[in-house]
Novice: 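Have a look at this one.
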2 protein chains.
Amino acid sequence: MRKVVSSGQPTIKEIAKRLNISVSTVSRALHDHHSIGLRTKARVQQLAAELGYERNQTAIFFQQGKTFTIGILLPELSEAFFSSAISGIEDTAYSNNYTVLLGQSHDDEAREKQIIQSMKQHRVDGCIVSIGKNTRNYEHFEMLRQAKIPVVFFDRIPDLPNIHSVSCNLESGTVQAVDFLLKKGHRVIGMINGPEQLVASGERAAGYMRALHKHRLKYDPELIVNADLTAAGTAEAMKHLLSLKRKVTAVVTFNDYVAMDAVQYALKQKLEINKDITFVSYANTPVSSYTAYPPAASVEQFPYEQGQAATNMLLSILNGDHDFNDYQQLIMESQLVLHT
Amino acid sequence: MRKVVSSGQPTIKEIAKRLNISVSTVSRALHDHHSIGLRTKARVQQLAAELGYERNQTAIFFQQGKTFTIGILLPELSEAFFSSAISGIEDTAYSNNYTVLLGQSHDDEAREKQIIQSMKQHRVDGCIVSIGKNTRNYEHFEMLRQAKIPVVFFDRIPDLPNIHSVSCNLESGTVQAVDFLLKKGHRVIGMINGPEQLVASGERAAGYMRALHKHRLKYDPELIVNADLTAAGTAEAMKHLLSLKRKVTAVVTFNDYVAMDAVQYALKQKLEINKDITFVSYANTPVSSYTAYPPAASVEQFPYEQGQAATNMLLSILNGDHDFNDYQQLIMESQLVLHT
DNA sequence: GTTAACCACGCAAGCGTTTGCGTAATTGGC
DNA sequence: GCCAATTACGCAAACGCTTGCGTGGTTAAC
């Protein structure tokens, strides 16, 4: 006894039977194929409309081996930076008739792997991913490569050869940030950086050093501390910086959230913000404009635009606009935004 | 000349050929079917592992007429309230082996329709949607009903009979909010409400009136104004409220963003926040804790939990735990959170 | 020794669509 | 009036997988 799954949705076969023609003719008529007569075309299209026919995408996906779906894997959907990025990705995917499959890793490597696995099984055409901050092992991305599913990394990019990526040039933004502080007279500038293995952390550190070098100042390794981006980690980092002999008067923090946490810590230590200590950070989160003690400046990373760019890159790869081995890395310019 | 789409991915057929057994045996072996001998099971599973076999989900989706995918349609992915909700939805979908297809309407009715259409074509098993604030026409949801695709509405719920929904009891939260203001001595309390057709707006208004009634105060219709949630609309609403003869000393705003905009307007009018005028709002956006002039209190709506609840409801419907005509509406309690 | 039960597997249909190829019938050129 | 091109359509395979049914072979019960 066959289970009837039909759900009433009319199929191409239905139309064919009613019109007494073959399914192939119906299919072609629906696609406006030139080899179908005008009369039959019209009849088919009219009946299709009447029946409320809708192509069964799952059948087409299966048949074509293409899903017009892109998978997007992010650490945390609710973080402002990433949710802006999602927004940019969805917008450009949508206008190119692609849909978006979503997954969040919560910075958990195991979950990251499972999601990638799931996306692979779903046969997404490509992926856009920002890796978790604890991810050390990249074999799941290697599997995607073997399955010939292209992936564009963005923002949090793994340290791997031969990948596509979109990111912001944080080094130049950091130079701008440190320049800004130096011009305001600060000489002992701390930095609360992120986990060491993130490329983004390396870029921040590099920018920091380049700016110092430009001004012929010497670099004190004690001033850069790698934290884990939690409130507790930030507090500890601040504690370290404030314990140094040379008085730290400004701190560059990994992002606006870290900045806010750092501000909280500083306030507890009875420091006056923008007087005893000045903060500069990254992300330029919109809310910081409403904030009591916003960082004096923030490096805008254009998440929405990064999302757009990553999607466009992925789509052009899917369209076969490039050689398979032509790995692209788009680096957007970040920009320091003053909040004074 | 047949195009080779294979992409090298091994199929069930491959395994069958190599082992000289039938595809059905392989399929059953992979599913641990009892009617397959232990020896063959082992051989199949080992070879599958060696080859890196992975089931082709698109084929299964097609064959089973089920996609294990839920569509989620929201006005704006980057809004904090919704991105928390997404997070909750994705988490519970993930732990039930469902995946999530994403779309944002940008509060545009036409786009909302297109996305629903697209999800229908993608044959999602069900949908979770929060409607756009301008949506007046609900025929696209009627189409989903006809296609027997269940949909759970949440937060922004249309005024339709026979729907599933998850929402927060804003009326009680509003009563708490107005009570709070009344106890602080405010007697002329304005309200910047949302678009009239939103159920959420009605609930806020009802709560407002109920609180007044409880305290035997009479209700002045001039004090409630329906705005469009833009900064400009909020400014206009504030202008109206401040122009009234009776001096408004407190305002309940539709959400934290409206509150922030209202605060900005009040500051421009040289009003002192929490002295000349006090704000109470909804959403309890985390950032408002960092904010310069946060609302004195905010009604927490638990977006993450709402997302979880909506997903659980949808999954239980998909599991056939209910009659088809057993429409459920879950109403969660909101809770006033003081920021003092 | 017959029947029944079970075990281990193969056959083949079917899900809805696309598409290469074949085949009539009509048209046009000379 | 013959060949070629064009028009209008049908046939059937293929995509990968699941599953109802059938079929030998072995075992157990009476």
Novice: Could you give the CG-to-P distance, from B:N56 to D:dC15, as a whole number of Å?
Specialist: 12 Å
Novice: For the CD atom of B:Q45 and the CG atom of B:L30, what is their distance to the nearest 0.5 Å?
Specialist: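 Interatomic distance, B:Q45 CD to B:L30 CG, rounded to 0.5 Å: 6.5 Å.
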Novice: For C:dG16 and A:T11 - does any side-chain N or O of the residue sit under 4.0 Å from the phosphate oxygens OP1/OP2?
Specialist: no
Novice: May I ask you to check whether B:F61 and A:F61 place their ring centres under 6.0 Å from each other?
Specialist: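 No, the ring centres sit 6.0 Å or more apart.
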Novice: Any luck finding a side-chain donor-acceptor pair between B:E76 and B:H106 under 3.5 Å?
Specialist: yes
Novice: Any side-chain N or O of A:R39 under 4.0 Å from OP1/OP2 of D:dA8?
Specialist: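 No, no such contact exists.
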Novice: Within the structure, does a side-chain N or O atom of B:K13 lie under 4.0 Å from either OP1 or OP2 of D:dA14?
Specialist: no
Novice: Check nucleotides 6-12 of chain C for protein N or O atoms closer than 3.5 Å to its own N or O atoms and list the pairs.
Specialist:
residue	atom	partner	partner atom	Å
C:dC9	OP1	B:T40	OG1	3.0
C:dC9	OP2	B:G37	N	2.6
C:dC9	OP2	B:T40	OG1	2.4
C:dG10	OP1	B:S22	N	3.4
C:dG10	OP2	B:S22	N	2.9
C:dG10	OP2	B:S22	OG	2.9
C:dG10	OP2	B:T25	OG1	2.2
C:dG10	O6	B:R28	NH2	2.7
C:dC11	N4	B:S24	OG	2.9

Novice: Determine if B:F62 stacks with C:dC15; use a centre-to-centre distance below 5.5 Å and an interplanar angle below 30° as the criteria.
Specialist: yes
Novice: Are more than 12 heavy atoms, taken from residues, nucleotides or ligands other than B:R39, located less than 6.0 Å from that residue's CZ atom?
Specialist: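 Counting neighbours around CZ of B:R39, 12 or fewer heavy atoms of other residues, nucleotides or ligands fall under 6.0 Å, so no.
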Novice: Rounded to the nearest angstrom, tell me the gap between atom CD in B:Q63 and atom P in D:dC17.
Specialist: 11 Å
Novice: Considering just the side-chain nitrogens and oxygens of A:Y53, establish if one lies under 4.0 Å of OP1 or OP2 belonging to C:dT17.
Specialist: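 For A:Y53, the contact criterion (side-chain N or O under 4.0 Å from OP1 or OP2 of C:dT17) is met.
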Novice: How long is the line joining NE2 of B:H33 and P of D:dT19, in whole Å?
Specialist: 9 Å
Novice: Take atom CZ of A:F61 and atom P of C:dT18, then tell me their distance rounded to the nearest Å.
Specialist: 12 Å
Novice: Check whether any side-chain heavy atom of B:M143 lies under 4.5 Å from a side-chain heavy atom of B:I116, and answer yes or no.
Specialist: no
Novice: Could you tell me the separation between the CD1 atom of A:I15 and the P atom of C:dG16, rounded to a whole number of Å?
Specialist: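 Distance, rounded to whole Å: 13 Å.
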Novice: Expressed in angstrom and rounded to an integer, what is the separation of B:L30 atom CG from D:dT18 atom P?
Specialist: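 So the two atoms are 8 Å apart, to the nearest Å.
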Novice: Kindly compute the distance separating CD (A:Q57) from OG1 (B:T58), expressed to the nearest 0.5 Å.
Specialist: 12.0 Å
Novice: Side-chain N or O of A:Q57 versus OP1/OP2 of C:dG16: is the shortest distance under 4.0 Å?
Specialist: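 Indeed not, no polar side-chain atom of A:Q57 lies that close.
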Novice: Let me know the distance between NE2 of B:H122 and C1' of C:dT17, rounded to the nearest Å.
Specialist: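 Going from B:H122 (NE2) to C:dT17 (C1'), I get 16 Å.
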Novice: Near DNA chain C, counting only heavy atoms under 4.0 Å, which residues of residues 43-51 of chain B show up?
Specialist: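 Within residues 43-51 of chain B, no residue comes under 4.0 Å of DNA chain C.
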Novice: Starting at NE2 of A:H31 and ending at P of C:dG20, how long is that distance when rounded to a whole Å?
Specialist: 13 Å
Novice: I want to check a possible cation-pi pair here: B:R111 against A:Y94, using under 6.0 Å from ring centre and within 45° of the ring axis as the test.
Specialist: yes
Novice: Answer yes or no: does atom CG of A:D159 have more than 12 heavy-atom neighbours from other residues, nucleotides or ligands under 6.0 Å?
Specialist: no
Novice: Does this structure show an ion pair linking A:E142 with A:R145, if we count only N-O contacts that are shorter than 4.0 Å?
Specialist: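 Salt bridge flag = yes for A:R145 with A:E142.
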